[in-house]
Amino acid sequence: MAEFANIIIDISHEKLDKAFQYRVPAHLQETLSLGMQVEIPFGNGDRAATGYVVGLSGTPEYDVDKIKEIHGIVEGSIPIESQLIALAGWMRENYGGTMNHALKTVLPIKQKTKEKKQREIKLLLKPGEAKEQLALFEKKNHKARARLLLALMEQNPIPYEAVTGKLNITASVIRAMASMGVLSVEEKRKYRSPFGQEFPQEKKRLVLNLGQQGIVDRIWQDFLEGNHKTWLIHGVTGSGKTAVYIELIEKAVQQGKQAIVLIPEIALTYQTVVRFYQRFGERVSILNSKMSAGERYDQFERAKNGELDVMIGPRSALFTPFSNLGFIIIDEEHETSYKSETVPRYHARETAIERARMAGAAVVLGSATPSLDSYYKAKQGEYTLLELEKRIEEKPLPACEIIDLREELKQGNRSILSGRLEELIKDRLKNHQQAMLFINRRGMAGFVSCRSCGHVLKCPHCDVSLSQHNNGKMVCHYCGYEEPVPKVCPECGSKYISGFKAGTQKVEEIVKKRFPEARVLRMDFDTTRNKAGYEKILSAFANQEADILIGTQMIVKGHDFPNVTLVGVLAADLSLYVSDFHAAERTFQLLTQAAGRAGRGRLPGEVVIQTYSPEHYCIQLAAQQDYARFYEAELQCRGLMGYPPCGHMMAMLVASPDEMTAFLCAELLSQKVRQAQAKGKLPGLTVVGPTNAPVAKVKDIYKKVIYFKHKEYPELVKIKDVLETFVNSHREFANVTIQFDFNPMNGF
Ligand code: ADP
Ligand code: ZN
Ligand code: ZN
């Protein structure tokens, strides 16, 4: 029971840094909770103010006699800020960091920039009255007044600037007419528009097919019964998931509810936005990282003022201050961009589920390749699984072929293009169809493999590959094991052993040389520095201004190119041997998504997967597009190692500008835990490390990581709290910073 509460006075957010402590009167100690709005005395005169509870504690932070008492809890509906503050409290608890970090994540930062205001002049008289008034002005020879009134009778309202400018009417005339009750001057706040371009206006509606309608009916029925679940729609690429989301949102909007749609930024294209705009018009808005803080703030204000029904955006759109939320949709729910890489390192999916719980909303997750975590939860009954097994109009999934690059090398082909892929590209060029070449670039961390036999060097203690470091050694990022890079392959003795790299530019050169007649577009980080570049390449390819599109993962996300009938994956295993237990999952997802780009139009598609590991289950099953079997195989591997989703994992980062301090602190922390274990405490806990972080030094800060594994998430939270207190209370660790990452996805 908390005797004291930390309260922020105002939500104008520069003041977020400062919370004031108040005493909680005895009769409120049972009820007061995080996020509640309270009445408090504030300032010298103890004037009445309102504030929000952002922390509760049992100990006073300063002289008890000077701490003022809370007057009471503000009655009535919980304002949206309270809900978001309570959500911040939940995030702090479950992901670590301070309340401040969490508050800054959920509340938009108010911008000091001047608000753009638009004023307009509105006629208040009915047509008959206006005519009489006009006659009066003319009789009295009030020319300016007559001119303005006449103008207003033709166009109502008129922008203020047009009246003072074009009509040449002075402010005093306007004031006089306003005081007569002829007109009024109204201020309209002008929000910065989120859309850079115009959208087609016509409303468009698809007739859902049976599978789609079945899903909509089930979710909606459940929603009406007020029993709001988390749904997982597993639908192959092009099966019509987006159409399902739109239908559900429309139903919710008709009941006065709002919806948040999370989409990975890379898939938030003009094409996607248009589909929502055609249904919801100006009542939909978007967020993206290219917007200024002011533009983002404006969109949040519009949401709060009830001007919007739908917000589409990446992770941060989750905190849109809608007060009557109906649905949170998370498309491509398996994407790693839903996990924050800054404190608090929250996962948008889990956070969405908590927000929905608070708001009485439902969550709909969708993916062609659900994350192992979500599918596991669906199997356990925590989420409800729904399947869309067929593509729209029953278009067949493309036929996939696996090409063994080791065989190509044996036959003397050292090119990045296999014989078969070359042949198919030639065929497409001849038939005026398009091809996409996808370079799996995720594995650039530099794993070491043999080009003759495909052997990849792995850590003997962990199921991850070793990473090549600049000092000529290979290191395991999970346990710290290291060994020098061998001169010959330990498996077959070949000397073709090296870190593997392949860039998009290199591929572009090769393709252009091999097919000089082909028109080639390249899409990668370089050619898409700005948002316009990205859209330009996409639309050029969609308009068939090019025959071949070469790119990294960004070309495989959600785009619809009906004339693409060939997809080539150049090095499927590049993402397979990164030092991360998600490697097989990511590879399966990428390959399935890449394959999903082929054959979306009239013509069937073909996919060629080039790989050095053709026998690997994730490549085999991706080629067969068999998610269910991949899930079973992968889950077994995770289970053996105690990795999520078969258990939970917490990574703790210990960082310091002094390497010795970081090392000692990390050692001390892990020893402390191990000593407790030796005494029979902390059953079920596994401690790994400390070890150097994958990038051991960043900007002269040394980073050590300790991993903790446990079946139960709350057990890890408890360990976090103990370790956090320990570091904060030891002065010798004053220059140590710590961070926690629960069920890490991207690593430190
Ligand atoms: P997903 O989100 O599963 O990839 P989409 O909703 O984008 O699938 O649908 C794929 C394509 O099929 C889109 O071009 C969409 O306009 C079209 N589509 C979706 N549902 C229908 C339908 N019921 N009838 C006709 N076309 C549809
Ligand atoms: Zn070998
Ligand atoms: Zn290891």
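The structure presented is a predicted model; accordingly, all values stated were derived computationally and were not measured. Just so you know, ligand 1 is whichever comes first in the structure, and atom 1 is the first atom listed for that ligand.
Note: Tyr375 and Phe588 fail the aromatic proximity criterion, with ring centroids not under 6.0 Å apart.
Nearest residue to atom 25 (C) of ligand 1 from Leu206, Asp331, Val236 is Leu206 (criterion: closest heavy atom).
If you check which protein heavy atom lies closest to atom 12 (O) of ligand 1, you get Ile392 CG1, 3.6 Å. With hydrogens left out, the protein atom closest to atom 6 (O) of ligand 1 is Arg275 NH2, 3.0 Å, a heavy atom. Closest to atom 1 (P) of ligand 1, if we only count protein heavy atoms, is Lys241 N, 3.5 Å. In this structure, atom 14 (O) of ligand 1 lies nearest to the protein heavy atom Asp560 OD2, 3.1 Å. Here the protein heavy atom with the shortest distance to atom 20 (N) of ligand 1 is Gln212 NE2, 3.0 Å. In terms of protein heavy atoms, atom 4 (O) of ligand 1 is closest to Gly238 N, 3.1 Å. In terms of protein heavy-atom proximity, atom 2 (O) of ligand 1 is closest to Thr242 OG1, 2.7 Å.
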Worked check of side-chain hydrogen bond (donor to acceptor under 3.5 Å, both in side chains) between Gln589 and Glu585: CA-CA 6 Å; Gln589 287 162 352; Glu585 183 179 1; 3.3 Å; yes
Trace of the side-chain hydrogen bond (donor to acceptor under 3.5 Å, both in side chains) decision for Ser371 with Arg349: CA-CA 11 Å; Ser371 63; Arg349 187 199 311 129; 3.2 Å; yes
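Below 4.0 Å from some heavy atom of Asn209 lie the following atoms of ligand 1, by number and element: 23 (N). Near Val207, meaning under 4.0 Å from any of its heavy atoms, are these atoms of ligand 1: 22 (C), 23 (N), 24 (N). Within the listing of ligand 1, atoms 6 (O), 20 (N) sit less than 4.0 angstrom from a heavy atom of Ala243.
Across all non-hydrogen atoms, the minimal contact from Phe276 to Val310 is CD2-CG1, 4.5 Å.
Looking at Met311 and Leu287, their side chains come closer than 4.5 Å, going by heavy atoms from C-beta outward. Side-chain atoms of Val236 and Lys390, non-hydrogen and from C-beta on, never get closer than 4.5 Å to each other. Proximity of Leu405 to Asn413: side-chain heavy atoms (C-beta onward) are nowhere separated by under 4.5 Å.
Under the 4.0 Å criterion applied to side-chain N and carboxylate O atoms, Arg629 and Glu632 are not assigned as salt-bridge partners.
Taking backbone and side-chain atoms together, His455 has no N/O/S atom less than 2.8 Å away from the Zn ion (ligand 2).
Seen from the Zn ion (ligand 2), atom SG on Cys453 and atom SG on Cys492 lie at an angle near 110° (rounded to 10 degrees).
Here the side chain of Arg451 pairs no donor or acceptor atom with the backbone of Arg406 at under 3.5 angstrom.
In terms of polar-atom proximity, Gly240 is counted as a contact of ligand 1, with an N or O under 3.5 Å from an N or O of the ligand.
Evaluated for a side chain to side chain donor-acceptor pair (under 3.5 Å) with Ser367, the options Lys241, His334, Glu333 yield exactly one hit, His334.
Ligand 1 lies within reach of Ser239, whose nearest heavy atom is under 4.0 Å from it.
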